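Take a look at the structure below.
The figures here come from the full heavy-atom set of this structure, side chains too, leaving out hydrogens, waters and symmetry mates. This structure is a prediction, so every number in the text was calculated from the model and none was measured.
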Amino acid sequence: MAREFAKIFYNSQQWKKCRSAYIAYRKSIDGGLCEVCHEKTGYIVHHKTELTPENINNPDIALGFGNLKYDCLECHNKEHSRNKGEVPGLVQYTFTPEGEVIALPHRVRCEHFLHLDRTPTLL
């Protein structure tokens, strides 16, 4: 459920149009599969960078396709569960200072899932 500060945003026509457009975009790519497990059909459009009162008015974060992903309900719930366990098979990436893409080590991925380490840039 949306946090109080975000309820107006999630009920806005701007978000609803963005969400519909992103789902259509994902369906055109792979039929709308979950971007995490690639096995089930997507169910919810998820923000990679969590919305906060400080960034909710930033259109690149709130509405940019680069910050959205289409998750199945199971993968989405795993990301938001209190246990914050890793989704099996999930590989997260970051950039080196030289701009090369590298997979995050397992421990960093776990810390990011626990929202303890917010430094990695995820694709």
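Put simply, CD1 on I23 and OG1 on T41 are 11.5 Å apart, with the number rounded to the nearest 0.5 Å. Atoms NE2 and NZ, from H47 and K69 in turn, are 12.5 Å apart once rounded to the nearest 0.5 Å. Remark: C75 SG to H38 NE2 distance equals 9.0 Å, nearest 0.5 Å. To the nearest 0.5 Å, atoms CD1 (I61) and CG (N55) are separated by 4.0 Å. How far CD of E54 is from CG of N57: 10.5 Å, rounded to the nearest 0.5 Å. How far SG of C72 is from NZ of K78: 8.0 Å, rounded to the nearest 0.5 Å.
E98 and T96 share a side-chain donor-acceptor pair at under 3.5 Å.
Note on Y22 and F9: same hydrophobic cluster, where clusters join Ile, Leu, Val, Met, Phe, Trp and Tyr whose side-chain heavy atoms are under 4.5 Å apart, directly or indirectly. At a threshold of 4.5 Å between side-chain heavy atoms, the hydrophobic network of Ile, Leu, Val, Met, Phe, Trp and Tyr places F5 and W15 in one connected group. Cluster annotation: V36 is not connected to L68 through the hydrophobic network of ILVMFWY side chains, with a link wherever side-chain heavy atoms come within less than 4.5 Å. Residues Y43 and L33 are members of separate hydrophobic clusters, defined by side-chain heavy-atom contacts under 4.5 angstrom among Ile, Leu, Val, Met, Phe, Trp and Tyr.
Looking only at side-chain heavy atoms (C-beta outward), Q14 and K17 stay at 4.5 Å or farther from each other. Annotation: side chain of I44 is not in contact with side chain of L73 (no heavy-atom distance under 4.5 Å). Using a 4.5 Å heavy-atom threshold, the side chains of E74 and E39 count as separate.
Of the possible polar contacts, one joining the R3 side chain to the L51 backbone as a donor-acceptor pair under 3.5 Å is found. Proximity of a side-chain donor or acceptor of E35 to a complementary backbone N or O of D71 within less than 3.5 Å is not detected.
Atom NZ of K27 sits in a sparse spot, with 12 or fewer heavy atoms from other residues, nucleotides or ligands closer than 6.0 Å.
Aromatic pair F65/Y25: centroids less than 6.0 angstrom apart.
Taking the charged nitrogens against the carboxylate oxygens, K48 and E79 have no contact shorter than 4.0 Å, which rules out a salt bridge.
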